[in-house]
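Below is one structure, written out as structure tokens, with a few remarks after it.
We name chains A, B, ... by the order of the sequence lines, and we start the count at 1 in each one.
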2 protein chains.
Amino acid sequence: MDVAERRVPLNRDRVLRAAVELADRTGIDALSMRNLAQELGVVPMALYKHVANKDELLDGMVDTVVAAIGTSVAGDGWKTAVRSRILGARTALLRHPWAWRVIDSRTAPTPAVLAYLDSIIGLFLAGGFSPDQTHHIVHALGTRMLGYTQELFNDSPASSPAAQREAARLMAPAFPNLAIMALAAAHDESSVVGSGCDDQFEFEFALNLLLDGFDHLPR
Amino acid sequence: MDVAERRVPLNRDRVLRAAVELADRTGIDALSMRNLAQELGVVPMALYKHVANKDELLDGMVDTVVAAIGTSVAGDGWKTAVRSRILGARTALLRHPWAWRVIDSRTAPTPAVLAYLDSIIGLFLAGGFSPDQTHHIVHALGTRMLGYTQELFNDSPASSPAAQREAARLMAPAFPNLAIMALAAAHDESSVVGSGCDDQFEFEFALNLLLDGFDHLPR
DNA sequence: TTGACCGGTGTACGCCGTACACCTATGGTG
DNA sequence: CACCATAGGTGTACGGCGTACACCGGTCAA
């Protein structure tokens with residue numbers, strides 16, 4: 001019987017999928033070769049028959065989730081095509097919160113990442129942008145102007161609006177402008193339930209701003 | 001004599017500055033409590049009299065470099081003020097390549113980061129943007145649309161243009177659009193010596209695009 | 001029948017962060 | 001002046017990490 005179980009003996013793919021699942025469930029920091037091995041009912045060193053080392057495991061995980069982005073494109077011009085592609089990538093990566101951090105801790109991009117990038121570039125070239133312009137555009141899409149993400153404001157995940165307003169009032173003396181902004185955001189209850197701040201909306205706002213900017217480039 | 005040396009006995013500040021310096025020199029991955037202690041001529045556990053644990057050390061390091069951004073602002077309207085502030089932050093952080101990654105691996109923002117953010121927000125509020133608009137804007141500045149940075153193209157640090165063109169030709173079959181773009185970038189030799197791609201120029205291009213976008217918001 | 005090879009095992013090494021007990025000099029207080 | 005609390009540096013030890021290396025049992029081609 002255990003022989004029968006051994007008959008499906010741990011593809012590289014099974015290792016990668018298990019790693020992704022474990023990282024999703026317990027966080028990327030808790031993903032160790034030992035934990036992963038235990039999850040698969042195997043001794044740690046067995047993994048090394050399928051991945052060279054932990055870095056290659058991480059690369060493989062990235063490739064797995066990036067490859068899942070898919071290649072659907074709506075055909076109505078470059079702008080909607082790019083938008084749908086990027087939003088699709090976002091929803092795919094949102095399922096694996098560790099992915100962003102892992103992706104840019106890697107030194108060399110993985111093939112799936114390059115393929116995704118290539119497809120985006122293709123959309124801009126097909127849209128009539130020059131290779132140089134496309135280069136600038138890709139940089140603009142890949143650069144973060146500030147060093148930190150919007151996660152700043154998730155102080156307490158499900159805090160009530162009242163508690164949030166109270167927190168704002170607390171930091172008002174030290175960071176008055178921040179407090180003003182936070183209060184305004186907590187105010188407007190038209191957004192989704194969460195932190196008084198609809199991340200999806202914010203993302204699309206920024207994306208549209210950039211796309212419109214690209215649109216106005218001389219061509 | 002060694003008593004005399006012990007008379008300057010390891011401020012928390014000296015620990016943080018040494019940590020920053022060590023991370024700059026050997027990379028953030030090589031920064032361990034043990035290495036840092038050795039650098040300071042002290043036993044590892046001595047550090048724990050000055051920082052609670054390694055996470056707090058990292059927070060302190062972030063605070064140190066972010067506090068060094070400074071608060072200079074040119075007075076000619078919000079746009080130039082924001083631009084100079086952000087470019088200043090960029091040059092400060094470029095001196096510590098590990099900082100970006102450490103900053104967004106932290107769960108809670110440190111005081112200096114909040115202060116910097118507060119000052120940026122203040123510039124937009126003073127520029128006539130509503131708190132809500134400012135909120136959107138800060139998100140736009142803090143979000144990276146693609147999951148990867150521009151470091152993608154640093155395959156080989158000091159590769160000759162010829163080598164780079166050769167690399168592009170190699171990947172052309174698999175990633176044709178990427179190759180087109182890379183060739184165009186390597187082409188134009190007007191940029192700085194480096195990788196055929198002037199990161200500073202790309203950054204300012206993206207920044208100006210966003211700032212102009214903000215400028216056109218109804219107000 | 002044999003022997004190569006593939007995949008899983010067991011042991012061991014050197015690194016990491018850090019808990020805990022200890023030691024020693026210092027400086028304020030009786 | 002005697003005393004002792006305290007701050008800062010030490011030494012040892014533990015559990016976890018990635019992984020090198022030797023091993024070993026099946027499977028299958030020759």
- Message: With the threshold set at under 4.0 Å for non-hydrogen atoms, list the residues of residues 24-34 of chain A touching DNA chain D in residue-number order.
- Response: Ser32(A), Met33(A), Arg34(A)
- Query: To the nearest angstrom, how far is Lys49(A) atom NZ from dG7(C) atom P?
  - Reply: 8 Å
- Item | ring pair (Phe, Tyr, Trp, His ring centres under 6.0 Å) against Phe175(A), all qualifying residues, sequence neighbours excluded |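 Counting only residues at least two positions away or on another chain, Phe175(A) forms no ring pair (Phe, Tyr, Trp, His ring centres under 6.0 Å).
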- Task: Tell me, please, which residues at least two apart from Phe201(A) pass ring pair (Phe, Tyr, Trp, His ring centres under 6.0 Å).
- Result: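 If we apply the ring pair (Phe, Tyr, Trp, His ring centres under 6.0 Å) test to Phe201(A), skipping adjacent residues, the hits are His136(B).
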- Query: Under the salt bridge (Lys or Arg N to Asp or Glu O under 4.0 Å) rule, what pairs show up with a residue in residues 28-42 of chain A, not counting sequence neighbours?
  - Reply: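 Sorted pair list: Arg25(A)-Glu39(A).
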- What pairs meet the salt bridge (Lys or Arg N to Asp or Glu O under 4.0 Å) rule with one or both residues in residues 105-117 of chain B, with sequence neighbours excluded? Asp55(B)-Arg106(B), Asp59(B)-Arg106(B)
- Any Arg144(B) side-chain heavy atom under 4.5 Å of Met145(A) side chain: no
Who are the side chain to side chain donor-acceptor pair (under 3.5 Å) partners of [X], not counting sequence neighbours?
X         : answer
His96(B)  : Asp24(B)
Gln133(A) : none
Arg95(B)  : none
Asp13(B)  : none

- Task: Strictly below 4.0 Å, heavy-atom distances to any atom of DNA chain C: list the hits from residues 50-63 of chain B, or just say none.
- Result: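 Within this stretch, Asn53(B), Lys54(B) sit under 4.0 Å of the strand.
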- Item | Within residues 37-47 of chain B: residues closer than 4.0 Å to DNA chain C (heavy atoms) |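 Those residues are Met45(B).
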- Does a nitrogen or oxygen in the side chain of Asn35(A) sit under 4.0 Å from OP1 or OP2 of dC17(D)? yes
- Could you tell me which residues satisfy side chain to side chain contact (heavy atoms under 4.5 Å, CB included) with Ala18(B), sequence neighbours excluded, listed by chain and number?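 Once residues adjacent in sequence are excluded, the partners of Ala18(B) under the side chain to side chain contact (heavy atoms under 4.5 Å, CB included) criterion are Leu36(B), Leu40(B).
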